[in-house]
Novice: 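My questions will all concern the structure given below.
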Amino acid sequence: MRHDFKNIEEKWQKKWEDEGIFHAEDNSDKKKFFALVEFPYPSGAGMHVGHVKAYSGLEVISRKRRMEGYNVLFPLGFDAFGLPTENYAIKTGIHPRKVTDMNIAKFTSQMKRVGFSFDWTRTVDTTDENYYKWTQWIFLKMFENGLVFRDKTLVNYCPSCKVVLSNEDSQGGKCDICHSDIVQRSKDVWYLRITEYADKLLEGLEDVDYLPNVKTQQVNWIGKSRGAFVNFDVDGADEKLRIYTTRPDTLFGVTFMVLAPEHPILDTYKDKITNFAEVEAYRELCGKKTEFERTQLVKDKTGVKIEGLSGINPVNGKNIPIYISDYVMMGYGTGAIMAVPAHDERDYDFAKKFGIDIIEVIKGGNIEEAAYTGDGEMVNSDFLNGYDNKRDSIDKMIEVLAERGIGEAGVQYKMKDWAFNRQRYWGEPIPIVHCEHCGMVPLPYEELPLRLPEIENFEPGEGGESPLAKIDSYVNCKCPKCGADAKRETDTMPQWAGSSWYFLRYIDPNNDTCLADPEKLKYWMPVDWYNGGMEHVTRHLIYSRFWHRFLYDIGEVPVKEPYAKRTAQGLILGPDGEKMSKSKGNVVDPNDVVDAYGADVLRMYILFMGDYGAAAPWSENGVKGCKRFLERVSALTDMVKGGEADAELDSLLHKTIKKVTGDIEEMKFNTAIAAMMALVNKIYEVGSLTQDRLSAFVRLICPFAPHLAEEMWETIGGAGFASLAAWPEYDEAKCVDSTVEIAVQICGKLRATVMIAADATAETAIAAAKANDKVAQALEGKKIIKEIYVPGRIVNIVAK
RNA sequence: GCGGGCGUGGCGGAAUUGGCAGACGCGCCAGACUUAGGAUCUGGUAUCUUUGAUGUGAAGGUUCAAGUCCUUUCGCCCGCACCA
């Protein structure tokens, strides 16, 4: 019997929806399970196979949890603000609102066809004014708590998208949206003070169950380092030059200093700098380099010596030259460094090029040839001589120096404050008014949401200003504080704003008096399991942990960390093993697979193709294999017979239930499916099975192939929905074989296998092994030195 | 450069964490049923000089026993990257 997947899939999807069987209950005594997947950006291209893989993991786990009796919240929404929609609107003239609605409708119907068990009654849309009202509300709360500021600094700017980007959005010097080169521009922009939460974000990682590499990546991104700030007197200036170093132990090796080209002290003392023209020329040269070029590690250092100013080394009073060079960044530390060429590779390269002294202060290397960055005994260091920077910690060094009034302990982070704005239309308006008298004034909470105005032209301004700046009726307003004429902020929030708290809104999606009801938050939070892509680890995952921790600090949410557990799925590669892309023409459309093979086959194949966390190439033949398997499964209803169950088959069934139950929890879906395939092969070999064995199998496969499972469940007269039936249990006793086949090795080489009782003693096992012909033959004339029996596994006899 | 990971048949991948390497699937080979097979079913399928030997990128080592642990080395992928 061939099953008609099109009809049965439509039939069950409709029944599930009509009866609302996947709706999470709000006031329940049941144990809760909150499963979260990263909500999609509803692009015009529709659903991608990557979406299916990203959601299928927790889909299976959520379905299993429901069958285990949990109250499951497994929602999906749409992260719909963003540039692609806006660019499409610019190109076609269709309003972003319309484009978004169309795309959401398309995505929703495609998701439903896959049979995902999302609770569609809790969908959120970040572009809905009832949603972004609360995004704005959180922004104002941050403003109120001093976490929002405006600063004119060098920012990452994408000339193609005409927007300012955060550090997270310009990794590798490329725009995260269009991949063109980022340039540095001086601009007045909004920042969120995420650095204030750096330590809290680090500490929070200790209490959560994240994949180890997710944790390490976040730790590295935050990049906390401990060191010391040291002030150097400047000959020729009446202010001190402050530097940050993680190696205060090498202070006696300092032979020069380097400033970032943008360092403000240069402008303050430009009259004293006799070669200021040269300095200006070098600055101009650096300005032309992109941030990416500038951060490339290059052996060939460039720089200019500052004539007229020199530094004084605080430990020995020596006069040392000051240089500017672009290998020092204004954005990290103080924008100035003490250079120790003997023990730092970059300083070494610079000193070699400019002919500066190299003084060894740590023994262990050969400074004639290269910088020595290792540990060792300290020399040429006056009062520090005899210390060993391996034995004595950096903290000890800082202490010794501080006693002499040199430097103080300090901490630095690689993470920078979050540039929080886009000069575009399709984003949350920033609810701030600029008033001549009162400065930056937040909109009163009761005036939220601040709606996006209806406009015709979405094109951003040439000078990088928001299209909203052209709308006078929007810009001109009254100051909420003094009532005078004022101007509204025209920047909008970046893409990541709406996604920084969306999981909270699923809990209470229609609440219009607060983010979400505190009682409901208490029941549902934290998210029990969050699955998503590795690409979000240093963006969304950091941002949303920051927002959530802030909301905790102001008492809006009941738990510190939003996500108790975080896993990640691997990419699906094209059939050629390359990353799928339109230009390579290797994209597989999941909708075609659903059309040709059905949703169950698609789901099954995506989970079977390999390790869930690893990348794996698509294979059309692999899809066919899964189709074949499901055909064989569907025919099982014809094989039901009464009478006694086959004992061997029964045992395998219980082992399979145990295996699948455990594998799902570890996201080892591929081996779970392999075990079910092996079971089906065995059933075919036996030729029949009993009704209750089939019932158990149908429930077992239900999370993977739910439509087929429902159909079979109905055929065999199961009550209600298979999706809500009890998860099959296994009998531990039946998972243990009474007799086992064990391997017999002689000197580590396999010679035979023998059947013995599972609970056999070492003596009987070894005796049984020796009784084997081949073993006896191999042992003939040899002296037995050692006999090993590993229960249920192996006998190894060592003989000479 | 730093951090993380990986390397197993023709292919995707398994291996109870030190205990019979290659589960399961694909592909391939043979057979059955067929007018037909790119459908279905059954059997086979690591390699070789096949009573045996050799095999998990390479070379050493620990062990009764190594894909798994240690050392060295080669190659690939991902993240960060002149972070002072």
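Proteins get letters first, then strands, A, B, ... in listed order; numbering begins at 1 in each.
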Novice: Is a side-chain donor or acceptor of A/Asn313 paired with a backbone partner of A/Leu251 at a separation under 3.5 angstrom?
Specialist: yes
Novice: Give one of base, sugar-phosphate or nothing for A/Lys224, where a contact means two heavy atoms less than 4.0 Å apart.
Specialist: nothing
Novice: Touch check for A/Ala336, heavy atoms < 4.0 angstrom, all strands: base, sugar-phosphate only, or nothing?
Specialist: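 Touches nothing.
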Novice: Kindly label the base of B/G7 as syn or anti, based on whether its glycosidic torsion lies within 90° of 0.
Specialist: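 Because its glycosidic torsion lies more than 90° from 0, B/G7 adopts the anti conformation.
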Novice: Let me know the distance between NZ of A/Lys627 and C1' of B/U40, rounded to the nearest Å.
Specialist: 10 Å
Novice: Rounded to whole angstrom units, what separation is found between the CD1 atom of A/Ile222 and the C1' atom of B/G79?
Specialist: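 For the pair A/Ile222 CD1 and B/G79 C1', the rounded distance is 15 Å.
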Novice: Which value, in whole Å, describes the distance between the C1' atoms of nucleotides B/A46 and B/C28?
Specialist: 14 Å
Novice: Would you kindly give the CE-to-P distance between A/Met338 and B/A84, to the nearest whole Å?
Specialist: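 About 12 Å, once rounded to whole Å.
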Novice: Within the 4.0 Å heavy-atom criterion, would you say A/Asn796 contacts the bases, only the backbone, or no part of the nucleic acid?
Specialist: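 Since a base atom lies under 4.0 Å of A/Asn796, the category is base.
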Novice: For the pair made of CD in A/Glu535 and C1' in B/C78, what is the distance, rounded to whole Å?
Specialist: 12 Å
Novice: What orientation do A/Phe350 and A/Phe354 show, parallel under 30°, tilted 30 to 60°, or perpendicular over 60°?
Specialist: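 Answer is parallel, since the angle falls under 30°.
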Novice: Respond yes when some side-chain nitrogen or oxygen of A/Lys414 is under 4.0 Å from OP1 or OP2 of B/C83, and no when none is.
Specialist: no
Novice: Looking only at atom C1', what distance separates B/G13 and B/C83, rounded to whole Å?
Specialist: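 Those two atoms are separated by 41 Å.
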Novice: Within 45° of the axis and under 6.0 Å from the centre of the six-membered ring of A/Tyr597, does NZ or CZ of A/Lys627 qualify?
Specialist: no
Novice: Out of B/A84, B/G12, B/G19, which nucleotide sits closest to the side chain of A/Arg346?
Specialist: B/A84
Novice: Just by distance, no angles: are the side chains of A/Tyr543 and A/Ser166 close enough, under 3.5 Å, to form a donor-acceptor pair?
Specialist: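 Distance-only check passes for A/Tyr543 and A/Ser166.
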Novice: With side chain to side chain contact (heavy atoms under 4.5 Å, CB included) as the test, would you mind laying out the steps for A/Leu384 and A/Asp249 before giving the verdict?
Specialist: CA-CA 8 Å; A/Leu384 290 177; A/Asp249 53 320; 5.6 Å; no
Novice: Looking at the base of B/C20, is there any donor atom on it, or on the side chain of A/Glu741, that sits under 3.5 Å from an acceptor on the other one?
Specialist: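 A donor-acceptor contact between them is present.
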Novice: Between the main-chain N or O of A/Thr302 and the side-chain N or O of A/Tyr282, is there a donor-acceptor pair closer than 3.5 Å?
Specialist: yes
Novice: Identify whether the glycosidic angle of B/U68 places it syn (within 90° of 0) or anti.
Specialist: anti
Novice: With P as the reference atom in both, quote the distance from B/G25 to B/A14 in angstrom, rounded to an integer.
Specialist: 15 Å
Novice: Do A/Glu38 and A/His536 get their side chains close enough for a donor-acceptor pair, meaning under 3.5 Å?
Specialist: yes
Novice: What integer number of Å spans the P atoms of B/C29 and B/U73?
Specialist: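 Taking atom P in both B/C29 and B/U73, they lie 45 Å apart.
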Novice: Report, as yes or no, whether the 6.0 Å neighbourhood of atom CD on A/Glu648 holds more than 12 heavy atoms from other residues, nucleotides or ligands.
Specialist: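 For A/Glu648, atom CD is not crowded (no more than 12 foreign heavy atoms under 6.0 Å).
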Novice: May I ask you to say what A/Gln745 touches in the nucleic acid, namely base, sugar-phosphate or nothing, with a heavy-atom cut-off under 4.0 Å?
Specialist: base
Novice: Go through B/A84, B/C64, B/G3 for me and flag the one nearest to the A/Ser225 side chain.
Specialist: B/A84
Novice: Check step by step if salt bridge (charged side-chain N to carboxylate O under 4.0 Å, His left out) holds for A/Glu631 and A/Arg628.
Specialist: CA-CA 5 Å; A/Glu631 298 275 4; A/Arg628 232 169 269 164; over 6 Å; no
Novice: Only Watson-Crick and G-U wobble pairs with both distances less than 3.5 Å should count. Give RNA chain B in dot-bracket notation, marking inter-strand partners with |.
Specialist: (((((((..(((......[....)))((((((.......))))))(((...)))..(((((..]....))))))))))))....
Novice: Within the side chain of A/Tyr327, is there an N or O that forms a donor-acceptor pair under 3.5 Å with the backbone of A/Lys301?
Specialist: no
Novice: Given atom CD1 of A/Ile756 and atom C1' of B/C20, what is their separation to the nearest angstrom?
Specialist: 13 Å
Novice: For a quick test of reading the model, state the closest non-hydrogen atom pair linking A/Arg226 to A/Asp395 and the distance between them.
Specialist: NH1-OD1, 4.3 Å
Novice: Let me spell it out: for each of A/Ile794 and A/Gly223, pick the nucleotide of RNA chain B with the closest heavy atom. Which residue's pick is nearer the 5' end?
Specialist: A/Ile794
Novice: Applying a 4.0 Å non-hydrogen cut-off, can you work out what A/Val798 is touching in the nucleic acid: base, sugar-phosphate, or nothing?
Specialist: sugar-phosphate
Novice: Hey, is the main chain of A/Val361 close enough, under 3.5 Å, to the side chain of A/His343 for a donor-acceptor pair?
Specialist: yes
Novice: Would you measure the distance from the C1' atom in B/C70 across to the matching atom in B/U50 and give it in whole Å?
Specialist: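 Looking at atom C1' only, B/C70 and B/U50 are 36 Å apart.
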Novice: Measure CD1/A/Ile324 against P/B/A84 and give the value in whole Å, please.
Specialist: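 Rounded to whole Å, this separation is 22 Å.
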Novice: Using the C1' atoms only, state how far B/A58 lies from B/G75, rounded to an integer number of Å.
Specialist: 10 Å
Novice: Roughly how many Å apart are B/G27 and B/G9, using the C1' atom of each and rounding to a whole number?
Specialist: 12 Å
Novice: Determine the interatomic distance between C1' on B/C24 and the same-named atom on B/A15; round to the nearest Å.
Specialist: 12 Å
Novice: Name the residue closer to the 5' end of RNA chain B, choosing between A/Trp221 and A/Asn213 according to the nucleotide with the nearest heavy atom.
Specialist: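 So the residue in question is A/Asn213.
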Novice: Would you mind calling B/U50 syn or anti? Take O4'-C1'-N9-C4 for purines or O4'-C1'-N1-C2 for pyrimidines, and syn is within 90° of 0.
Specialist: syn
Novice: Could you state the atom-to-atom distance from OH of A/Tyr789 to C1' of B/C20 in whole Å?
Specialist: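 So the two atoms are 14 Å apart, to the nearest Å.
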Novice: Measuring to OP1 and OP2 of B/G18, would you say a side-chain N or O of A/Arg793 lies under 4.0 angstrom away?
Specialist: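 So the side-chain polar atoms of A/Arg793 never come under 4.0 Å of the phosphate oxygens OP1 or OP2 of B/G18.
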Novice: Is the backbone N or O of A/Ile194 less than 3.5 Å from a side-chain atom of A/Asp417, with the two atoms forming a donor-acceptor pair by type?
Specialist: yes
Novice: If you look at every heavy atom in A/Asn213 and A/Met534, which pair is closest and at what distance?
Specialist: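 Distance-wise, the nearest heavy atoms are ND2-CE, 3.7 Å.
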Novice: Closest to the A/Ala616 side chain: B/G3, B/G79, B/G13?
Specialist: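 When the side chain of A/Ala616 is considered, B/G13 is the closest of B/G3, B/G79, B/G13.
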Novice: Any base atoms under 4.0 Å from A/Thr246, or only sugar-phosphate, or nothing? Heavy atoms, all strands.
Specialist: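 Sugar-phosphate contact only.
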Novice: For residues A/Val340 and A/Asp347, report the shortest heavy-atom separation together with the two atoms involved.
Specialist: N-OD2, 2.9 Å
Novice: Tell me the interatomic distance from A/Leu573, atom CG, to B/C76, atom P, rounded to whole angstroms.
Specialist: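 Result: 18 Å.
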Novice: Can you give one letter per nucleotide of nucleotides 46-56 of chain B, going 5' to 3': B for a protein heavy atom under 4.0 Å from the base, S for sugar-phosphate only, - for none?
Specialist: -------SS--
Novice: For nucleotides 22-32 of chain B, read 5' to 3', which letter fits each nucleotide if B means a protein heavy atom sits under 4.0 Å from the base, S means only the sugar-phosphate is that close, and - means neither?
Specialist: -BBSSS-----
Novice: Kindly say if A/Tyr332 contacts the phosphate of B/A84, meaning a side-chain N or O under 4.0 Å from OP1 or OP2.
Specialist: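 Looking at the OP1 and OP2 atoms of B/A84, one of them is under 4.0 Å from a side-chain N or O of A/Tyr332.
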